[in-house]
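Everything numeric here is computed off the predicted structure, so don't read it as measured data. In what follows, chains are A, B, ... by sequence order, proteins preceding strands, each numbered from 1.
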Amino acid sequence: MRNKIIALMDNAVRTAIQRGLLPEISLPYIEVEIPGNPEHGDYASNVALILASPAKQNPRKIAEIIQSNLSDPENIIARTQIAGPGFLNFFIKENIWRQTLQFIEEKKENFGSSSMGNGKKVQVEFVSANPTGPLHIGHARGAVVGDVIANLLKTSGYDVSKEYYINDAGNQMNNLGKSVLLRYRELSGEKIEFPENCYRGDYIKDIANDVIKKDGKKYLTADDEQTIRHFTTIAGGVILDEIKDDLRDFGVNFDNYFSEKELYKNEGVARLLDSLQKKGFIYSDGETLWFKTTDYGDEKDRVVVRKNGEPTYFAADIAYHKNKYDSGFEMIVDIWGADHHGYMPRLWAGVQALGHDKDTLKIILVQLVNLLRGGVPVAMSTRSGEFVTLREVLDEVGKDAARYNFLMRRSDSHLDFDLEVAKQQSNENPVYYVQYAHARICSIIKMAQEKDMALPVYADINASLLCEPEEINLMKMMARYPETIYGAVRTLEPHRITFYLNELASLFHSYYNRNKVVSDDVKLTAARLFLVKTISIVLQNALKILGVNAPEKM
RNA sequence: GCGCCCAUGGCUCAGCUGGAUAGAGCGCCAGACUACGAAUCUGGAUGUCGCAAGUUCGAAUCUUGCUGGGCGCACCA
């Protein structure tokens, strides 16, 4: 709908220019918004105000010119008005809103989907935690944000691939193997000292125990370095499997798990660095190799090969991103913890050196989660192994409540996650508010069917019976759903969907309390049944994108 | 010290790439089931959008400075 208005405006301005009523000026992107105040119409545009300065004319005068050049071939506008300093307000005919009901019936689960992505290949990479321990609550937020962004892109016609990058080539993994070895020795009766950089969680002991059960004590006398490598592989595998299980139960599934080790095969990283050096992006100071990231606005140049000859994480990351582009992805979305923000200029520099536009790499920062229980902060310390895992959150509050709660804020703002509130089945928990609206509708429809009132199709109802202001508002709200999706995709901001859902559910609950859907009036009942049915479709579609269930009963 | 992000009612946050009278939820007060599910609804109170300048028809939104908080500044990942 909004797009239609934009097109009409665009046409009107062009026509006015052609007729010489307005000077030749380059057309700005026409902005059409939904005014907060209903007296200002269903849609409002400020083009006249924008054009006032370049056209050197009074904005109200311009608005009048545009207004008189508007043509409305589809006959959707009831009236227009010029208001304030030069706003052009549009009032849409009520019947047009009713048509959206028919549109929803046609589209069903595809209402809100579009082809704006045009099959563009996009990769969304997220979570990407080292397999050195179970996922905790901090990873959970990134997991949901990434998953929902992928869903949004998919529903908008992008060809999306979800990837988990396994950082399994660095020191951290070695420390993991070492930790297992230490616990192994301890369980075998040796006294050990546990260093700072090792992992203390109980899961390490479990893994060590399993090794003892399987292989006995034969590693006590083996070569340490070899054993650590072996234990690293075992532990990494076990932990990654657990991570996959946790994610699956959280509703997050990946298309691909990419191991950092892959990058080093066939001297991949070294060859890439070599070619970048030949192109002049990398220079040597005699001992180390430096990437000239300052050429692209970074604070300082960055090391890619250390004094000891080992490539840095950054070096591997350039290779990794080259691999992404080489795989045919035209747009790449990386989802990071916000504490990595300082790393952005570096990676953008790398991407540009590879010959890609900076804008093709979107980086979404996800802020920390403050975990609370009944308003009291829950102490978390990774070093000591005391943290609340994703698994524990899932067991305690459930998938739907957890996911929904993580999506209620912009991802770059801090989030308070209160376990007590999230598991409460009360009005403090917005996920139930929305799900309840859906369950209520299902219940109404079921009851109607029990009374032999079948769910009608649009062709069989008299939609003009839906004339209560609340009914028109519900239709307007539903007509906004595709626009909401569009906005969420454009900005990669999933939280817009939860805000939309809350508003739609609120309108419905309010409507429900004031008006009876099922009554003695057969025709009115049919029309209203159809209306609430379309609401349930929109609720389902939006919840599906969030990966949250739309239950028929609660 | 340098850089990035944030600052909106008592609390937690929206505010759609500059718009008209700044919005929700929670909490507080007062009400609504002999009607489709009260996990719901109706009404009420609450604001110098951190402070100060600037840009313009118009600023919570953009610029600069300041205050206060978070994070980052590795040859770690």
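Distance from the side chain of A/Lys307 is smallest to B/C75 among B/C75, B/G37, B/A77. With B/U21, B/C2, B/A38 as the candidates, the nucleotide lying closest to the side chain of A/Asn37 is B/U21. Checking B/C73, B/G37, B/C36 against the side-chain heavy atoms of A/Ser443 singles out B/G37 as nearest. Residue A/His40 has its side chain nearest to B/A20 when only B/A77, B/A20, B/A39 are considered. For A/His509, taking side-chain heavy atoms from C-beta onward, the closest of the listed nucleotides B/U40, B/C16, B/A77 is B/U40.
Across all strands shown, B/U63 forms a Watson-Crick or G-U wobble pair, both distances under 3.5 Å, with B/A53. B/U46 is unpaired under the criterion used here, namely a Watson-Crick or G-U wobble arrangement in which both key atom distances are under 3.5 Å. When both pairing distances are held under 3.5 Å, B/G9 makes no Watson-Crick or G-U pair with any nucleotide shown. Partner assigned to B/A14 is none, using Watson-Crick or G-U wobble distances below 3.5 angstrom. Nucleotide B/A32: paired with B/U40 (Watson-Crick or G-U wobble, both distances less than 3.5 Å). The nucleotide B/G1 finds its pairing partner in B/C73, both defining distances of the Watson-Crick or G-U wobble pair being shorter than 3.5 Å.
Using a 4.0 Å heavy-atom cutoff across all strands shown, A/Ala44 reaches at least one base atom of the nucleic acid. Backbone-only engagement by A/Asn130 is indicated by non-hydrogen atom pairs under 4.0 Å involving sugar-phosphate atoms exclusively. A/Ala316 comes within contact range of no nucleotide atom at all, as no heavy-atom separation falls under 4.0 Å. Here A/Ala437 lies out of heavy-atom contact (under 4.0 Å) with every strand. Heavy atoms of A/Asn515 sit under 4.0 angstrom from at least one base atom. When heavy atoms are screened at a 4.0 angstrom cut-off, A/Met447 is found touching the sugar-phosphate backbone but no base atom. At the heavy-atom level, A/Lys553 lies under 4.0 Å from base atoms of the strands shown. Across all strands, A/Glu552 comes closer than 4.0 Å to base atoms (heavy-atom distances).
Across B/C13 and B/G27, the matching C1' atoms stand 14 Å from one another, rounded to whole Å. When the C1' atom is compared between B/C6 and B/G69, the two are found 8 Å apart, to the nearest whole Å. Separation of the C1' atoms belonging to B/U48 and B/A7 is 15 Å when rounded to the nearest angstrom. Taking atom C1' in both B/C26 and B/U21, the straight-line distance is 25 Å, to the nearest Å. Taking atom C1' on both B/G15 and B/A52, the two are 24 Å apart, rounded to the nearest angstrom. B/G9 and B/C5 are spaced 24 Å apart, taking the C1' atom of each and rounding to whole Å. Annotation: B/A59 and B/A22 have their C1' atoms spaced 12 Å apart (nearest Å). With P as the reference atom, B/C2 and B/U8 are 25 Å apart, rounded to whole Å.
Proximity of A/Tyr512 to the phosphate of B/A38: a side-chain N or O atom is located under 4.0 Å from OP1 or OP2. Note on A/Ser510: a side-chain N or O is less than 4.0 Å away from OP1 or OP2 of B/U42. OP1 or OP2 of B/U17 lies within a sub-4.0 Å distance of a side-chain N or O belonging to A/Arg490. The shortest distance between the side-chain N/O atoms of A/Arg528 and the OP1/OP2 oxygens of B/C36 is not below 4.0 Å. A sub-4.0 Å separation between OP1 or OP2 of B/A77 and a side-chain N or O of A/Tyr313 is absent. Residue A/His495 places at least one side-chain N or O closer than 4.0 Å to OP1 or OP2 of B/G15. Side-chain N/O atoms of A/Tyr433 include one lying less than 4.0 angstrom from OP1 or OP2 on B/C41.
A/Tyr404 places its OH atom 13 Å from the P atom of B/G25, with the value rounded to the nearest Å. Taking atom CG on A/Leu368 and atom P on B/C5, their separation rounds to 17 Å, with Å as the unit. Rounded to an integer number of Å, the gap from A/Asn171 CG to B/C75 C1' is 12 Å. At whole-Å resolution of the value, NE2 in A/His340 and P in B/A74 are 14 Å apart. What separates CG of A/Leu524 from P of B/A35 is a distance of 19 Å, to the nearest Å. Rounded to an integer number of Å, the gap from CD1 of A/Ile82 to C1' of B/A20 is 15 Å. Remark: C1' of B/C4 and CG of A/Leu365 are 9 Å apart, rounded to the nearest angstrom. One atom, OH of A/Tyr511, and another, P of B/A32, lie 24 Å apart when rounded to the nearest Å.
A salt bridge links A/Glu493 with A/Arg496: at least one charged nitrogen is closer than 4.0 Å to a carboxylate oxygen. Contact check on A/Arg373 versus A/Asp418 returns no salt bridge, with no Lys/Arg side-chain nitrogen under 4.0 Å from an Asp/Glu carboxylate oxygen. Ion pairing between a basic and an acidic side chain is recognised when a charged N comes within 4.0 Å of a carboxylate O; A/Glu125 and A/Lys324 show such pairing.
Here the side chain of A/Thr484 pairs a donor or acceptor atom with the backbone of A/Arg480 at under 3.5 angstrom.
There is a side-chain donor-acceptor pair under 3.5 Å between A/Glu470 and A/Asn515. Counting only N and O atoms by type, the side chains of A/Asp301 and A/Tyr283 include a donor and acceptor under 3.5 Å apart. Side-chain polar atoms of A/His509 and A/Arg440 form a donor-acceptor pair below 3.5 angstrom.
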Begin from the C-alpha positions of A/Tyr511 and A/Asn473 and carry the test side-chain hydrogen bond (donor to acceptor under 3.5 Å, both in side chains) through to its verdict.
CA-CA 10 Å; A/Tyr511 170 66; A/Asn473 278 339; over 6 Å; no

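Summarising the geometry of A/Phe126 relative to A/Gly142, their closest heavy-atom pair is CD1-O, 3.8 Å, with the distance given to 0.1 Å. Closest approach of A/Val32 to A/Ser45, counting heavy atoms only: CG2-CB, 4.1 Å. Annotation for A/Pro430 and A/Tyr404: closest pair CB-CE2, 3.9 Å, computed over non-hydrogen atoms. Across every non-hydrogen atom of A/Leu529 and A/Leu455, the tightest pair is O-CD1, 4.0 Å.
Listed in residue order, the members of residues 409-417 of chain A having a heavy atom less than 4.0 Å from RNA chain B are A/Arg409, A/Arg410, A/Ser413, A/His414, A/Asp416.
Using a 5.5 Å limit on the distance between ring centres and a 30° limit on the angle between planes, the aromatic ring of A/Phe87 counts as stacked on the six-membered base ring of B/A20. Look at A/His341 and the base of B/G3; the rings do not stack under the cut-offs of 5.5 Å between centres and 30° between planes.
In this structure, A/Arg496 and A/Lys516 both approach RNA chain B, and ranking their closest nucleotides by distance from the 5' end singles out A/Arg496. Of the residues near RNA chain B, A/Ala169 and A/Asn89, the one whose nearest nucleotide (by heavy atom distance) lies more toward the 5' end is A/Asn89.
One N or O donor and one acceptor, one from the side chain of A/Asn46 and one from the base of B/G19, sit under 3.5 Å apart. Between the side chain of A/Asp339 and the base of B/A77, no donor-acceptor pair under 3.5 Å is found.
Glycosidic conformation of B/C33 is syn; the angle stays within 90° of 0.
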